[in-house]
Amino acid sequence: MKVKKYDNYSIIEDVKDFDIGQTLECGQCFHFNKIDDNEYAFVSFNNLFAVKQKNDEIMINTTDDKKINVLIDYLDLNTNYGHIKKELIKRDDLLREAIEANWGIHILNQEFSETLMSFIISQNKQIQHIRKIVKGLSERFGEFLGSINGVDYYSFPDIDQISNISVDDYKELKTGFRAPYLKDASDKLVYYKASANALSDDIYIVDKKIKENVFAGMNEEMAREELKKIKGVGDKVANCVNLFSLSYRGAFPVDVWIKRIMESMYFKREASKEEIEKFALDLYGEYGGYAQQYLFFFGRENNLGK
DNA sequence: CTCCAGGCCGTCC
DNA sequence: GGACGGCATGGA
């Protein structure tokens with residue numbers, strides 16, 4: 001991987017096993033818009049990115065090293081997915097089809113507070129509606145970042161902004177019964193930020209500090225249990241935060257889709273959530289999160305088990 | 001109209 | 001500990 005800078009854009013070259021469309025559309029994040037084939041606008045850590053991919057080249061709308069590094073981290077471009085895919089197929093050849101269909105998925109390294117709030121919102125909701133609510137939350141409480149093709153983009157609110165959001169505000173954003181859950185998560189975020197001693201104005205640095213100073217001392221299970229103290233966070237949401245934000249790539253979130261997919265591919269019968277979690281841990285081990293995402297997107301696109 | 005959505009909580013046994 | 005109804009809102 002190599003970065004070349006031009007007047008007002010840069011190109012990341014030699015990108016392997018990555019597809020921007022598959023990565024953004026596979027259901028792990030909610031804050032993006034498709035502009036054209038292989039071309040997306042999205043918000044990440046207070047940055048508005050426009051990204052266009054052509055084969056193994058990614059063109060981006062900045063020459064700022066800091067932003068480029070945020071993007072490389074966010075898109076997980078330094079991880080060798082060729083190795084991961086080979087390892088998964090070695091463990092289970094049944095995954096081959098799902099992996100080959102979505103060969104370019106990367107697991108994003110998302111901001112902690114956005115991941116937590118987004119997946120609390122996600123319960124009992126369709127992805128399109130989750131995206132609408134995240135957009136509304138950002139427009140109302142985030143910060144204007146710019147516009148692309150006439151569409152305005154706002155940052156996901158930072159923790160200081162989140163601390164000012166009331167239960168009624170959340171209800172106005174059509175979050176329904178999740179409103180008090182989001183309020184509880186807001187309070188916890190303020191607490192995490194304070195205990196991480198994260199004083200910076202830079203949302204990327206604050207996020208890193210929370211991950212390092214609050215969660216890095218925990219293992220995966222401890223982090224999950226800590227997250228489950230938040231109202232509205234159960235195993236599934238906690239696993240999503242672990243996988244998509246806290247770098248626990250072994251986390252295997254079991255939702256209605258994964259349940260259906262695993263039952264149809266492996267069990268050939270109904271199976272409990274716990275049974276599926278144990279099965280996935282035994283089979284995929286520390287690669288569970290990757291397997292989950294290949295399966296999730298593949299299953300959804302092909303309406304597996306429905 | 002009914003059914004379901006990247007679930008979880010409170011309550012019951 | 002496991003089972004079950006309820007839950008706001010919107011889309012199919």
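Just so we're on the same page: letters track the sequence lines, and every chain starts at 1.
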Can you tell me if CD on E97(A) sees more than 12 non-hydrogen neighbours from other groups inside 6.0 Å?
no
Determine, for F32(A) and R131(A), whether the Lys NZ or Arg CZ falls below 6.0 Å from the six-membered ring centre while staying within 45 degrees of the axis.
yes
Please classify the nucleic acid contact of K236(A) as base, sugar-phosphate, or nothing, using heavy-atom distances under 4.0 Å.
base
Where each residue is assigned the nucleotide of DNA chain C containing its nearest heavy atom, which of E274(A) and T175(A) is assigned the position nearer the 5′ end?
E274(A)
So, do W257(A) and dG6(B) meet the stacking rule of ring centres under 5.5 Å and planes under 30°?
no
Within this structure, what is the CG-to-P distance between D235(A) and dG2(C), rounded to whole angstrom?
12 Å
In whole angstroms, the gap separating C1' of dT9(C) from CD1 of I127(A) amounts to 17 Å
Could you tell me whether the side chain of Q293(A) has a donor or acceptor atom within less than 3.5 Å of a complementary atom in the base of dG6(B)?
yes
With a cut-off of less than 4.0 Å, is there a side-chain N or O of K132(A) near OP1 or OP2 of dG11(C)?
yes
Is there a side-chain contact between R260(A) and the phosphate of dA5(B), meaning an N or O under 4.0 Å from OP1 or OP2?
yes
Rounded distance in Å - CG (L24(A)) to P (dG6(B))
18 Å
Between Y181(A) and K125(A), which has a closest nucleotide on DNA chain C that is more 5'?
Y181(A)
Distance check, C1' atoms only: dG6(B) and dG2(C), in whole angstrom units.
24 Å
Whether over 12 other heavy atoms sit under 6.0 Å from E270(A) CD
no
Would you mind classifying the nucleic acid contact of V237(A) as base, sugar-phosphate or nothing, using non-hydrogen atoms under 4.0 angstrom?
sugar-phosphate
Can you tell me how far P of dC8(B) sits from NZ of K259(A), to the nearest Å?
14 Å
When we call it a touch if two heavy atoms are under 4.0 Å apart, what does R131(A) touch: a base, just sugar-phosphate, or nothing?
nothing
Heavy-atom side-chain proximity of M262(A) to L295(A) below 4.5 angstrom
yes
Do other residues, nucleotides or ligands put more than 12 heavy atoms under 6.0 Å from E286(A) CD?
yes
For dT11(B) and dA8(C), measure between their P atoms and round to the nearest Å.
14 Å
If only side-chain N and O atoms of R178(A) are considered, is one of them under 4.0 Å from the OP1 or OP2 phosphate oxygen of dA8(C)?
no
Here's a test of your reading of the structure: between C29(A) and G232(A), which maps to the more 5' nucleotide of DNA chain B?
C29(A)
Taking for each residue the nucleotide of DNA chain B bearing the nearest heavy atom, is the 5' side occupied by I258(A) or by K228(A)?
I258(A)
Quickly work out the Q128(A) CD to dG11(C) C1' distance and round it to whole Å.
10 Å
Taking atom P of dG6(B) as reference, at what distance in whole Å does atom CD1 of I276(A) sit?
17 Å
Establish, with yes or no, whether the OP1 or OP2 oxygen of dG10(B) is under 4.0 angstrom from a side-chain nitrogen or oxygen of K231(A).
yes
Using a 4.0 Å heavy-atom cut-off, does Q28(A) contact any base of the nucleic acid, only the sugar-phosphate backbone, or nothing at all?
base
Atom-pair distance (CG on L227(A); C1' on dG7(B)), nearest Å
15 Å
To the nearest angstrom, how far is N124(A) atom CG from dG7(B) atom C1'?
6 Å
For K188(A), look at atom NZ and say whether over 12 heavy atoms of other residues, nucleotides or ligands are found less than 6.0 Å away.
yes
Nucleotide nearest K174(A) when distance is taken to its side chain, options dC8(B), dG6(B), dG10(C):
dG10(C)
Using a 4.0 Å heavy-atom cut-off, does G27(A) contact any base of the nucleic acid, only the sugar-phosphate backbone, or nothing at all?
base
